[in-house]
2 protein chains.
Amino acid sequence: MSGGRPRAFDPETALDRALEVFWRQGYEGTSLSDLTAAMDINRPSLYAAFGNKEQLFRKVLDRYFTSPGAFAAEALEAPTAQTVIERLLLGAVELTTGRDTPHGCLSVNSVHACGPDSEPIRQEVIARRMAGEAALRHRFEQAADLPADTDPRVLARLVYTVTDGIAVQAASGCTRDQLHQVADLALRSLFQLPS
Amino acid sequence: MSGGRPRAFDPETALDRALEVFWRQGYEGTSLSDLTAAMDINRPSLYAAFGNKEQLFRKVLDRYFTSPGAFAAEALEAPTAQTVIERLLLGAVELTTGRDTPHGCLSVNSVHACGPDSEPIRQEVIARRMAGEAALRHRFEQAADLPADTDPRVLARLVYTVTDGIAVQAASGCTRDQLHQVADLALRSLFQLPS
DNA sequence: CTTGTTCTGTACCGATCGATACGAAACTAG
DNA sequence: CTAGTTTCGTATCGATCGGTACAGAACAAG
């Protein structure tokens with residue numbers, strides 16, 4: 001039992017740097033050289049601390065959902081279905097159009113991870129998306145402010161369809177203000193509110 | 001002036017094969033080996049006939065929008081704004097969940113083209129998307145079946161947000177039937193139709 | 001000190017990336 | 001037939017990919 005040479009970097013901040021790069025460039029678009037440059041560590045240090053590129057990305061995904069993407073889980077605690085949806089749509093706009101973060105959504109980007117070698121990553125992201133959708137459906141099943149003929153599954157899927165679309169729009173240059181208008185219109189349509 | 005050796009492949013079918021591969025694997029995820037294998041031609045033949053990978057992708061984009069994605073332009077000719085949106089949403093579902101085509105949308109995939117080297121591709125796709133959105137806005141400006149307080153820009157953006165979301169959902173495994181339900185609910189919400 | 005352990009830094013691995021050089025093959029024109 | 005032209009097929013280019021071997025540096029324990 002012994003000390004050994006102390007590591008010269010903080011794993012958490014390094015993980016944040018990796019999140020930055022993966023968020024902006026996607027899984028396949030990010031090379032190990034990009035990662036080591038952004039994390040300011042050498043290649044062997046990266047492998048020793050985080051496994052390999054795929055394992056690093058999974059840890060980055062965890063960090064993404066627990067900190068910038070935490071609003072999605074927290075939104076489910078809103079009192080009514082309407083406020084849940086409101087928080088989800090507005091939260092998606094904020095997340096995907098941040099001033100200090102890349103535009104778009106890491107999760108949505110990763111669904112389109114391209115090559116055959118990144119298929120496990122795709123599957124993992126898809127599994128997380130389905131879990132989120134199922135949670136939203138359960139939340140809707142317990143809501144009292146939805147019409148009786150509303151299918152919670154379809155509504156949950158529509159809401160995630162809109163948030164996914166928001167992410168795509170943000171990734172393709174739509175501004176935060178523009179997307180706020182879109183989210184507002186979507187909410188007014190869903191709940192037939194006066195404009 | 002002379003003949004020369006005739007080419008042993010049909011450029012149009014080769015382009016269709018390339019579309020297939022790019023559609024499924026994205027721009028960066030598709031290697032030249034993937035392309036030559038799918039198009040059943042050699043590397044120099046590809047370069048002689050289509051330029052390079054980027055130019056080939058642009059021609060594939062043209063083909064995509066003029067044949068599987070043609071519904072988007074045609075939908076604008078529908079008589080009312082409501083039917084325009086109807087055709088767009090249902091067309092998006094059909095396009096992105098085809099039996100004999102990859103799931104998802106080539107255009108939406110390419111927005112997330114990852115690395116810094118594929119930035120020109122991203123910009124081209126974004127430009128085409130903005131052109132489509134502008135066309136839809138103009139169509140809405142001339143529509144008689146929209147409430148007077150409707151902002152055509154916001155509505156156009158919302159419609160494309162939903163079609164983008166449909167593409168993401170399709171890419172992540174959602175079935176055609178499920179997305180039809182989503183599109184139906186979106187339409188009923190937008191136009192406050194009885195279910 | 002020495003020993004053991006862990007991390008750092010360089011230099012490198014085989015594989016694959018997009019892109020080409022070059023000669024043989026297949027055609028037309030004369 | 002020969003000459004000219006275009007495509008095909010192989011073999012290869014330099015660069016980069018993800019991943020590692022290995023030696024030296026920095027610590028703790030004795």
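Just so it is clear: chains get the letters A, B, ... in the order the sequence lines come, proteins before strands, and each one is counted from 1. Just so you know, these numbers come straight off a predicted model, no measurement behind them.
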*Asks:* Does Pro6(A) reach a base, just sugar-phosphate, or nothing at all? Heavy atoms under 4.0 Å.
*Replies:* sugar-phosphate
*Asks:* Within a 6.0 Å radius of atom CZ on Arg128(A), are there more than 12 heavy atoms belonging to other residues, nucleotides or ligands?
*Replies:* yes
*Asks:* Run the numbers on Glu12(A) and Arg63(A) for salt bridge (Lys or Arg N to Asp or Glu O under 4.0 Å), then give the verdict.
*Replies:* CA-CA 9 Å; Glu12(A) 299 238 327; Arg63(A) 196 161 187 80; 3.5 Å; yes
*Asks:* Could you check how far CZ of Arg7(A) sits from C1' of dG9(C), rounded to whole Å?
*Replies:* 16 Å
*Asks:* Below 4.0 angstrom from OP1 or OP2 of dT7(D), is there any side-chain N or O of Ser45(B)?
*Replies:* no
*Asks:* Is the phosphate of dC8(D) approached by Asn42(B) (side-chain N or O, under 4.0 Å from OP1 or OP2)?
*Replies:* no
*Asks:* On DNA chain C, check which nucleotide each of Phe9(A) and Glu54(B) is closest to and give me the residue with the more 5' one.
*Replies:* Phe9(A)
*Asks:* From the options dG18(D), dA19(C), dA26(C), select the nucleotide whose nearest atom is closest to the side chain of Lys53(A).
*Replies:* dG18(D)
*Asks:* Leu56(B) has an atom CG; how far is it from atom P of dA19(C), in whole Å?
*Replies:* 10 Å
*Asks:* Starting from P on dT16(C), measure out to CG on Asp117(B) and report it in whole angstrom.
*Replies:* 19 Å
*Asks:* Let's test your reading of the model: under 3.5 Å, does the base of dG9(D) pair with the side chain of Arg43(B) as donor and acceptor?
*Replies:* no
*Asks:* If you measure from the Lys or Arg side-chain nitrogens to the Asp or Glu carboxylate oxygens, is any gap between Asp34(B) and Arg17(B) under 4.0 Å?
*Replies:* no
*Asks:* Rounded to whole Å, please give me the gap between CG in Leu35(B) and P in dC17(C).
*Replies:* 10 Å
*Asks:* Taking Glu77(B) first and then Arg87(B), would you say they form a salt bridge - that is, a charged N and a carboxylate O separated by under 4.0 Å?
*Replies:* no
*Asks:* Can you confirm whether Arg137(A) is buried at CZ, in the sense that more than 12 heavy atoms of other residues, nucleotides or ligands lie under 6.0 Å from that atom?
*Replies:* yes
*Asks:* Any side-chain N or O of Ser31(A) under 4.0 Å from OP1/OP2 of dT16(D)?
*Replies:* no
*Asks:* Given atom CZ of Phe50(B) and atom P of dC8(D), what is their separation to the nearest angstrom?
*Replies:* 10 Å
*Asks:* Please give, in whole Å, the distance from dC27(D) P to Arg5(A) CZ?
*Replies:* 8 Å
*Asks:* Looking at every strand, decide which applies to Thr30(B) at a 4.0 Å heavy-atom threshold: base, sugar-phosphate, or nothing.
*Replies:* sugar-phosphate
*Asks:* From CG of Leu46(A) over to P of dC7(C), roughly how many Å is that when rounded to an integer?
*Replies:* 13 Å
*Asks:* Using a heavy-atom cut-off of under 4.0 Å over every strand shown, decide if Ala8(B) touches base, sugar-phosphate, or nothing.
*Replies:* sugar-phosphate
*Asks:* Between Tyr47(B) (OH) and dA21(C) (P), how many Å, whole number?
*Replies:* 12 Å
*Asks:* Nearest to the Pro44(B) side chain among dT20(C), dT10(C), dA25(D), which nucleotide is it?
*Replies:* dT20(C)
